[in-house]
Amino acid sequence: MIVGVPTEVKTDEFRVGMRPVGAEMLAREGHVVLVQSGAGLGSGFEDAQYVAAGAQIVPDAASIWSRADLVVKVKEPQPVEIPQMRQDQVVFTYFHFAADRELTVGCLERKSICVAYETLTDDRGSLPLLTPMSEVAGKLSVQEGAKFLERPFGGKGVLLGGVPGVSPGHVLILGGGVVGTCAAWMAAGLGADVVIMDISLDRLRRLDEFMPANVTTVYSDPQAIRERLHWADLVIGAVLVPGAKAPRLIRREDLRHMQPGSVIVDVAIDQGGCVETAKVTTHRNPVYTVDGVVHYCVGNMPGAVARTSTIALTNATLPWALRIARHGCDRLARTDAHFANAINADRGRLTNLPVAEAHGLEFEPLYA
Ligand SMILES: NC(=O)c1ccc[n+]([C@@H]2O[C@H](COP(=O)([O-])OP(=O)(O)OC[C@H]3O[C@@H](n4cnc5c(N)ncnc54)[C@H](O)[C@@H]3O)[C@@H](O)[C@H]2O)c1
């Protein structure tokens, strides 16, 4: 198979769909790997490393889209990429079709096979190609929150870890899933006092078993949240209701309970945010202040730490790219239901029900 890796073209995106080691493993199995010149630079991988791994460097994206049987990317195809997608070509990347009708219709018209990272499942009912980016965002949320608590960045001037003789900072985490757990580890590691809230008692029980002593679990309800807003220096929004917009857990009038210079990092902003006053920001302009509270709401947090994110993402995606190259998409989908779940569009047919419902388009099951 010819496998292609183009440079990501979405604004502020520095990740790449494959590392040199991925090219090496594919080349070892006899596949041809084409990498666009400079594709890995944003994540610290040079063309020479891909060449040493057995890949061919090509000068432009057109050389990839016109030749590759399988294109491995990170972000959804951009308007300049969609017209280059070919019939029967397998495109393996994040698509997030439900959020973008134009992208959906464009990809259907191209009759490519769209294999979406975000809907590939596993036996535990989780989404293994989404998890690594939630882990990155969870850890980063505390790092960013700590920074914006610093006075020169608009915060109240609190050091999360405290020092001898001065109490540590207070971190309130809403949601104890992947993002929330990673955030709690990070905040606890810094020495902060941490409260993590969830509506799943099972989840809280599990967290209670393995979290360190400076993390307390609390059942999430509106009163419990309100009561801790004055206490919190940093609030991290990490809730998810699968398939729905994030629930609004902090309303505008609740901000008056918070101290000026406190920080909210709403990681759930990609699902609309769990704070009423949250609106998407970018890495270039990550924060704004409402009622004295600093809001950080970057929609693609992992992009800030592209090298770590690329390695984390490709650790999870490479085994699947190898399987697609080895068996072909059709055979793999027929033998692996988790992989079949990732196929959102198949040669002009929309095969993902929630996406079809989101846009009022016709759904056709992958296999009738
Ligand atoms: N901004 C970014 O760059 C970025 C990156 C990765 C993930 N995310 C987002 O972060 C959010 C969390 O992702 P995740 O992987 O941790 O999800 P997850 O499913 O692992 O965890 C979500 C948790 O929220 C809990 N929850 C639901 N309703 C709640 C409520 N009312 N109060 C308290 N807890 C509640 C659930 O019980 C669950 O434990 C998602 O919206 C995801 O898309 C954003």
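Since this is a predicted model, take the numbers as computed values, not measurements. All values below were derived from every heavy atom in this structure, side-chain atoms included, with hydrogens, water molecules and symmetry-related copies excluded.
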So, Asp47 side chain and Gly38 main chain: donor-acceptor pair closer than 3.5 Å or not?
yes
All heavy atoms of Ala188 vs all of Asn214, minimum pair found to be O-ND2, 3.0 Å
Heavy-atom closest pair (Leu255 atom, Val293 atom, distance to 0.1 Å) is O-CG2, 4.3 Å
Establish, for the pair Arg349 and Phe363, whether the NZ or CZ atom is under 6.0 angstrom from the six-membered ring centre and no further than 45 degrees off its axis. no
### Query
Any side-chain heavy-atom pair from Leu313 and Asn315 closer than 4.5 angstrom?
no
(message) Less than 3.5 Å apart, any donor N or O on the side chain of Thr119 or Asn344 sitting next to an acceptor on the other?
(response) yes
message: Looking at Met25, I want to see if its CE is surrounded by more than 12 non-hydrogen atoms of other residues, nucleotides or ligands under 6.0 Å.
response: no
Donor on one side chain, acceptor on other, Asp346 and Thr351, under 3.5 Å: no
Only residue of Val194, Val195, Asp208 satisfying side-chain contact (heavy atoms from CB on, under 4.5 Å) with Val215 is Val194
Heavy atoms of Pro128 and Ala316 approach each other most closely as O-CB, 3.9 Å
- request: Keeping the roles fixed (side chain from Gln89, backbone from Arg86), state whether a donor-acceptor pair exists under 3.5 Å.
  value: yes
(Q) Please check this pair: side chain of Glu8 against backbone of Lys75, looking for a donor-acceptor N/O pair closer than 3.5 Å. (A) yes
message: Looking only at the side chains, is there a donor atom on one of His295 and Thr277 sitting less than 3.5 Å from an acceptor on the other?
response: yes
pair Lys279-Tyr288: side-chain heavy atoms closer than 4.5 Å
yes
- Asp122 and Ser126 side chains, donor-acceptor separation under 3.5 Å: yes
Can a donor-acceptor pair be found, under 3.5 Å and without considering hydrogens, that links the side chain of His170 to the backbone of Trp231?
yes
So, the side chain of His359 versus the backbone of Glu357: is there a donor-acceptor pair under 3.5 Å, distance only?
-> no
Next on the checklist: Side chains of Ser63 and Asp60: any donor to acceptor distance under 3.5 Å?
Outcome noted: yes
Ser141 side-chain N/O to Ile236 backbone N/O, donor-acceptor pair under 3.5 Å: no
* For residues Asn341 and Thr121, is any side-chain donor paired with an opposing acceptor at under 3.5 Å? -> yes
For the side chain of Glu76 and the backbone of Thr93, is there at least one donor-acceptor N/O pair under 3.5 Å apart?
no
Note: Asp12 and Asn300 closest approach over all heavy atoms is O-ND2, 4.0 Å
State yes or no: do Ile196 and Val178 share one hydrophobic cluster built from I, L, V, M, F, W and Y residues joined by side-chain heavy-atom distances below 4.5 Å, directly or via other members? no
Review point. Any side-chain donor paired with an acceptor under 3.5 Å for His338 and Asp123?
Key: yes
- Item | Electrostatic pair Lys147-Glu144, nearest N-O below 4.0 angstrom | yes
Open item on the list: I'd like to know if the side chain of Arg15 pairs up with that of Thr310 as donor and acceptor (distance under 3.5 Å, no hydrogens or angles considered).
Closed with: no
Side-chain donor-acceptor distances from residues 256-266 under 3.5 Å, at least two apart:
unit_1, atom_1, unit_2, atom_2, d
Arg256, NE, Glu253, O, 3.1
Gln259, OE1, Lys156, NZ, 3.2
Gln259, NE2, His230, O, 2.7
Ser262, OG, Gln259, O, 2.6
Asp266, OD1, Ala268, N, 3.3
Asp266, OD1, Cys274, N, 3.4
Asp266, OD2, Cys274, N, 2.8
Asp266, OD2, Val275, N, 3.1

Between Arg205 and Glu209, is there a side-chain N and carboxylate O pair less than 4.0 Å apart? no
Requested in this report: Check whether any side-chain N or O of Arg228 sits under 3.5 Å from a backbone N or O of Ala224 as a donor-acceptor pair, and report yes or no.
Outcome: yes
**Item:** Check: Phe97 main-chain N/O paired with Asp100 side-chain donor or acceptor under 3.5 Å
**Value:** no
Open item on the list: Distance to the ring centre below 6.0 angstrom and angle to the axis at most 45 degrees; does that hold for Arg323 and Trp320?
Closed with: yes
Handout entry: Under 3.5 Å donor-acceptor, Glu118 side chain and His96 backbone
Key = yes
What one should report as the nearest heavy-atom pair of Ala27 and Ala53 is CB-O, 4.0 Å
_Does either side chain, that of Arg19 or that of Ser43, offer a donor lying less than 3.5 Å from an acceptor on the other one?_
no
- State, with a plain yes or no, whether a side-chain heavy atom of Leu240 is found less than 4.5 Å away from one of Gln271. yes
